[in-house]
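Quick notes on the structure that follows.
Given the structure is predicted, the values throughout are model-derived calculations rather than measurements. Just so it is clear: chains get the letters A, B, ... in the order the sequence lines come, proteins before strands, and each one is counted from 1.
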There are 2 protein chains.
Amino acid sequence: MNTQTNFPEVFGALADPTRFAIVERLLNEGDLPVGQLAEPFKMSAPAISRHLKLLESAGLIERRIEKQWRVCALKKERFADLHQWIERYRAFWNTSFDRLETLLDNQQGEDNDSSR
Amino acid sequence: MNTQTNFPEVFGALADPTRFAIVERLLNEGDLPVGQLAEPFKMSAPAISRHLKLLESAGLIERRIEKQWRVCALKKERFADLHQWIERYRAFWNTSFDRLETLLDNQQGEDNDSSR
DNA sequence: TCTTTAATTAACCTAATTGTTAAATGAAAA
DNA sequence: TTTTCATTTAACAATTAGGTTAATTAAAGA
């Protein structure tokens, strides 16, 4: 399997709200240069730069140089790995949801967790 | 969608190797009492206890009392949430793998998603 | 060349995380 | 009821994470 994927490291990269938002944005808007990625946050450029470096080390993004900009892009492989990982849990979460299953089958009009 | 699922928090819970191993073990071996979960680690009981508390706060596990033991179990909802999240990236990672696709096809086989 | 723009690296500070040991809790067994 | 077992809480120390400002690099444009 994907023995080269260090899942705790990847999850650690996604564990910060800023980094998570960056990843989500790259999914929704496609590749973006560092400056534009930084713009929505009221955080210094060096802080963003370090977040991006961490995402890159975890293999979630890559940076390429384009003229005077560093453009960030999601790396497909890592997301494929994450998908494979969570798929292993399908047999568990997808069975006998009992009274929860109707709710979820409705395709998430809302969530159903009452634990918090 | 699952707006009340705090993904950075959930990822943070999975970002520690000990906690990740605990979650994997619960998937592979089913519900286990705290003492047995702690056994493979050369870490004090309080340390394990706090890891479990964090997993519980993130909604990844729950603890029930059974005789003199606290038995830990994975929570389906949270894994379903994670799956829904990564599914949103499928359109991205599943298309035009280009020269990578042969490499990855070797190991992952076909995916069988039924959630949409 | 000189200046500007884009981004990173360095040095530093504070807060959060993760581990420890000792004490506390609460149910079961004696 | 007293002891034992299973686990948690409290208090504390060491490390890591995440932010800041100042200095550096590197390419573009004047």
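Within residues 24-46 of chain A, the residues having any heavy atom closer than 4.0 Å to DNA chain D are, in order of number, A/M43, A/S44, A/P46.
In this structure, B/R50 places its CZ atom 10 Å from C1' of D/dA10, rounding to the nearest Å. In this structure, B/R64 places its CZ atom 16 Å from C1' of D/dT7, rounding to the nearest Å. Straight-line distance from the CD atom of A/Q68 to the C1' atom of D/dG29: 9 Å, rounded to whole Å. Regarding B/H51, its NE2 atom lies at a distance of 13 Å from the P atom of D/dT8, rounded to whole Å. When rounded to the nearest whole Å, the span between CD1 of A/I48 and P of D/dG18 equals 12 Å. Between B/D16 atom CG and D/dT15 atom P the separation is 17 Å, expressed in whole Å. What separates CH2 of B/W69 from P of D/dT8 is a distance of 15 Å, to the nearest Å.
Side-chain contact between B/F41 and B/I22 is present, with heavy atoms from C-beta onward closer than 4.5 Å. Inter-residue side-chain proximity for A/W85 and A/T5 is flagged as unmet; no heavy-atom pair is nearer than 4.5 Å. Put simply, the side chain of B/R19 does not reach to within 4.5 Å of the side chain of B/R50, judged on heavy atoms.
Side-chain heavy atoms closer than 4.5 Å link hydrophobic residues (I, L, V, M, F, W, Y) into clusters, and following such links, possibly through other members, connects B/L82 to B/L27. Under a hydrophobic-cluster definition in which Ile, Leu, Val, Met, Phe, Trp and Tyr are linked whenever side-chain heavy atoms come within less than 4.5 Å, directly or via other members, B/L32 and B/W69 are assigned to different clusters.
At D/dA26, none of the side-chain N or O atoms of A/R70 fall inside 4.0 Å of OP1 or OP2 (strictly under the cut-off). Contact annotation: B/K67 does not reach the phosphate of D/dC5 (side-chain N/O to OP1 or OP2, under 4.0 Å).
The pair B/R90-B/E87 counts as a salt bridge, with a side-chain nitrogen and a carboxylate oxygen less than 4.0 angstrom apart.
Using cut-offs of 30° and 60° on the angle between ring planes, the pair A/F92 and B/F79 is perpendicular. Using the six-membered ring where Trp is involved, A/F20 and B/F7 have ring planes that are parallel, under 30° apart on the 30 and 60° scheme.
Nearest-nucleotide mapping onto DNA chain D: of A/R19 and B/S49, the residue sitting toward the 5' end is B/S49.
For DNA chain C, the span of nucleotides reached by chain B at under 4.0 Å from its heavy atoms goes, 5' to 3', from C/dT18 to C/dA28.
Within the structure, side chain to side chain donor-acceptor pair (under 3.5 Å) contacts touching residues 28-42 of chain B (residues at least two apart or in different chains) are B/R25-B/E29, B/D31-B/R64.
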